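In what follows, every heavy atom counts, from backbone to side chain, and hydrogens, waters and symmetry copies are set aside. Not measured: the values here are computed from a predicted model. Just follow the structure's listing: the first ligand is 1, and inside any ligand the first atom is 1.
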Amino acid sequence: MCGIVGYIGKREAWPILIKGLERLEYRGYDSAGIALMESGAFSVYKKKGRVAELSKFVKNNKLSGGVGIAHTRWATHGVPSDRNAHPHVSNSGDIVIVHNGIIENYLAIKKILINKGYKFKSDTDTEVLANLIEDIKKNTKVSVEEAVRLALAEVTGAYAILVLSKDEPGTMVVAKVGSPAVIGVGKNEFFIASDATPIVEHTKKVVYLEDGEMATIETKKDKLTLKIKTILSKKTKSPYIQTLKTKMEELEKGGFPHFMLKEIFEQPESLRNTIRGRIILEKGNVKFGGLEKFSKELQNLKHLVITGMGTARFTGLIGEYAFEELSGIPTKVEYGSEFTYRKSADAQHTGLIAISQSGETADTLNAIKKAKQDKMLTLGIVNVIGSSIARIVDAGIYNHVGPETAVASTKASTSQAVLLVMLAVYLGRMRGLSKKSGEEILKEIQKLPELVEEVLKNAKSIQKIAEKYKKSPNFFFLGRKYCAGAAMEGALKLKECSYIHAEGCNAAELKHGPISLIDKNFPTLVIAPADSMYEKNKTHIEEIKARGGKVIALVSSGNPEMKEIADDVIYIPKTLEMLTPILAFIPMQLLAYYISVERGNDVDKPRNLAKSVTVE
Ligand code: M6R
């Protein structure tokens with residue numbers, strides 16, 4: 001977790017660093033800090049709270065420097081507080097560091113350093129690393145680059161770090177294992193960040209540091225140079241510079257009050273981008289460029305495991321039904337966190353499909369590493385191009401929905417669900433799914449962006465429903481079959497943004513326990529479209545009504561009877577059963593959004609959360 005930014009060049013560093021932190025606040029926002037170097041001296045400022053507060057301080061105090069590092073934190077070791085905020089400074093003041101990740105053996109190192117007389121001001125693992133670097137540098141008289149390298153050889157865990165030394169004012173050291181680090185290459189200036197969003201407005205040329213690599217940016221005769229080497233073997237390599245395609249306007253709110261609402265309304269377009277160029281109607285098939293090389297392996301698969309966390313896992317539950325229905329491949333969905341620690345059965349015939357918007361979720365990344373150890377074929381459905389998951393999987397499919405900034409996932413989730421159905425068609429066509437059936441499904445997929453536009457036209461009526469239920473302390477979300485996962489996603493969306501307790505479950509499960517919670521203050525949203533489960537869902541609704549519960553029914557347009565039964569009705573257009581959850585997502589996203597705004601919450605950055613969870 002946490003976001004790091006660094007700048008080294010001729011410009012004033014702080015505006016670049018602060019803007020960068022704002023872009024990275026999705027990674028954590030419980031405290032923020034900055035270190036600037038001017039004439040061989042550091043000014044360090046860090047504070048509990050948001051980047052906005054840090055920004056005010058820096059402006060008011062006219063901090064200055066052409067080299068700097070900055071950090072926005074999501075606490076792992078030590079409560080959010082001024083003293084635990086980054087950057088951390090070593091005892092003598094020589095080393096300043098920002099860190100994203102966890103140093104697992106920090107306590108053992110801390111003990112050794114305490115015995116040598118080091119004092120600690122924070123509870124963090126990062127301050128230990130700062131002092132370890134200082135200790136090595138002092139005792140072995142090596143450069144900061146070498147001291148960082150030697151220190152990292154002693155630590156275990158995950159990190160992306162930026163290190164400055166007072167003794168070497170024109171040098172910045174970057175290193176990474178397990179957490180992301182991107183280096184932007186400008187004209188005699190460098191930008192470093194946890195992802196490319198703080199960089200794109202300055203340069204499109206980037207270098208993605210690989211796990212186990214470190215980079216040193218040095219000033220030699222007024223010229224900055226970048227060199228990359230592996231931490232353990234010291235082997236150097238020439239930087240591989242790639243060109244980014246992200247546009248600036250994709251990062252801004254575009255007139256919407258919140259990123260979440262903007263991203264909800266972007267879904268017709270984001271779905272078009274997901275589908276574009278991938279449907280070959282005349283063949284009743286799908287083209288995934290990234291999978292072509294693996295068609296033989298894909299044909300041999302006998303089992304599939306879909307993995308991911310949060311929303312990504314819930315969209316996986318939609319995929320599970322689609323894979324079994326269209327390809328006949330037995331499929332299960334597993335938390336990334338649990339898959340990592342389970343024994344794999346028949347690994348050589350199993351394919352792992354990892355879903356992740358950010359491509360940085362530690363639990364999902366670990367699941368892929370485990371699958372690779374077991375020699376499984378690993379596939380990724382990832383949004384962030386060049387992210388850790390995108391780079392580690394054997395083959396992948398990008399969502400192409402552009403940056404998703406709000407913590408609550410919206411446009412990535414609908415894209416994940418549609419890609420899973422498309423992948424099910426692709427695998428199905430390898431296993432006897434007829435061209436005609438493939439064509440029928442793909443034609444419906446092509447209509448989805450327009451159908452989503454129709455759903456979005458109901459935003460006002462959903463806002464009214466939100467107004468009515470905004471004070472409910474609890475909520476149920478129910479669905480069956482393809483829509484069971486959608487119900488879980490609806491509950492997650494509401495709870496993470498509104499802080500209302502919400503549970504999502506298979507509607508059939510209700511009478512096996514949860515129904516005892518139902519009373520007039522416990523509303524339930526039931527996804528009851530015109531599909532094979534409609535009659536069953538109607539019965540579930542009647543059961544809730546019979547116990548005095550309030551029901552919001554999410555049904556297909558043209559449903560004549562539900563307004564007589566349910567308290568509130570939301571209509572979505574008819575489509576195939578396997579695509580219905582994609583349409584059902586939208587009103588639930590809007591409901592969560594409007595309720596949260598009504599409750600005065602910071603919808604884009606709900607408390608205690610971060611956009612990408614890069615710790616286990
Ligand atoms: O970046 P990822 O898709 O791997 O993230 C997984 C979850 O952390 C994420 O979906 C989370 O549940 C969202 N906040 C849900 O809106």
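In this structure, His71 and His86 have parallel ring planes: the angle between them is below the 30° cut-off, well short of the 60° mark.
Scanning the protein for heavy atoms near atom 8 (O) of ligand 1, the closest one is Val613 CG2, 4.1 Å. Of the protein's non-hydrogen atoms, Met309 O, 3.2 Å is the one closest to atom 6 (C) of ligand 1. At the shortest separation from atom 2 (P) of ligand 1 among protein heavy atoms lies Thr361 OG1, 3.2 Å.
At under 3.5 Å, a nitrogen or oxygen of Ser358, whether backbone or side chain, sits near a nitrogen or oxygen of ligand 1. Polar contact with ligand 1: absent for Leu492 (N/O pair, distance under 3.5 Å). Considering backbone and side-chain N/O atoms, Ser409 comes within less than 3.5 Å of an N/O atom of ligand 1. Residue Thr364 has no N or O atom closer than 3.5 Å to an N or O atom of ligand 1.
Counting atoms of ligand 1 from 1 in the listed order, those under 4.0 Å from a heavy atom of Gln357 are 1 (O), 2 (P), 3 (O), 4 (O). For ligand 1, the atoms lying closer than 4.0 Å to a non-hydrogen atom of Gly310 are 12 (O). Under a 4.0 Å criterion applied to the non-hydrogen atoms of Ser356, ligand 1 contributes the atoms 1 (O), 2 (P), 3 (O), 4 (O). Shown in contact with Thr311 at under 4.0 Å from a heavy atom are these atoms of ligand 1, numbered in order with element: 10 (O), 12 (O), 15 (C), 16 (O).
Other residues, nucleotides and ligands contribute more than 12 heavy atoms inside 6.0 Å of the NZ atom of Lys204. Surrounding NZ of Lys287 are at most 12 heavy atoms belonging to other residues, nucleotides or ligands under 6.0 Å away. Dense packing is recorded around NZ of Lys468, with more than 12 heavy atoms of other residues, nucleotides or ligands lying under 6.0 Å away.
In summary, Lys262 and Glu266 engage in a salt bridge, as defined by a charged side-chain N under 4.0 Å from a carboxylate O.
Between the side chains of Ser387 and Glu360, not a single donor N or O lies within less than 3.5 Å of an accepting N or O. For the residue pair Thr311 / Glu489, a side-chain donor-acceptor distance below 3.5 Å is found, with atom types taken as modelled.
Judged by a 6.0 Å distance limit and a 45° cone about the ring axis, Arg599 is not positioned over the six-membered ring of Tyr499.
When all heavy atoms of Met260 and Asp604 are compared, the closest pair comes out as N-OD1, 2.9 Å.
Distances from atom 14 (N) of ligand 1 to the heavy atoms of Gln589, Glu360, Glu496, Glu404 put Glu496 nearest.
Heavy-atom separations between Ala408 and ligand 1 include at least one value shorter than 4.0 Å. Using a 4.0 Å heavy-atom cutoff, Lys493 is listed among the residues neighbouring ligand 1.
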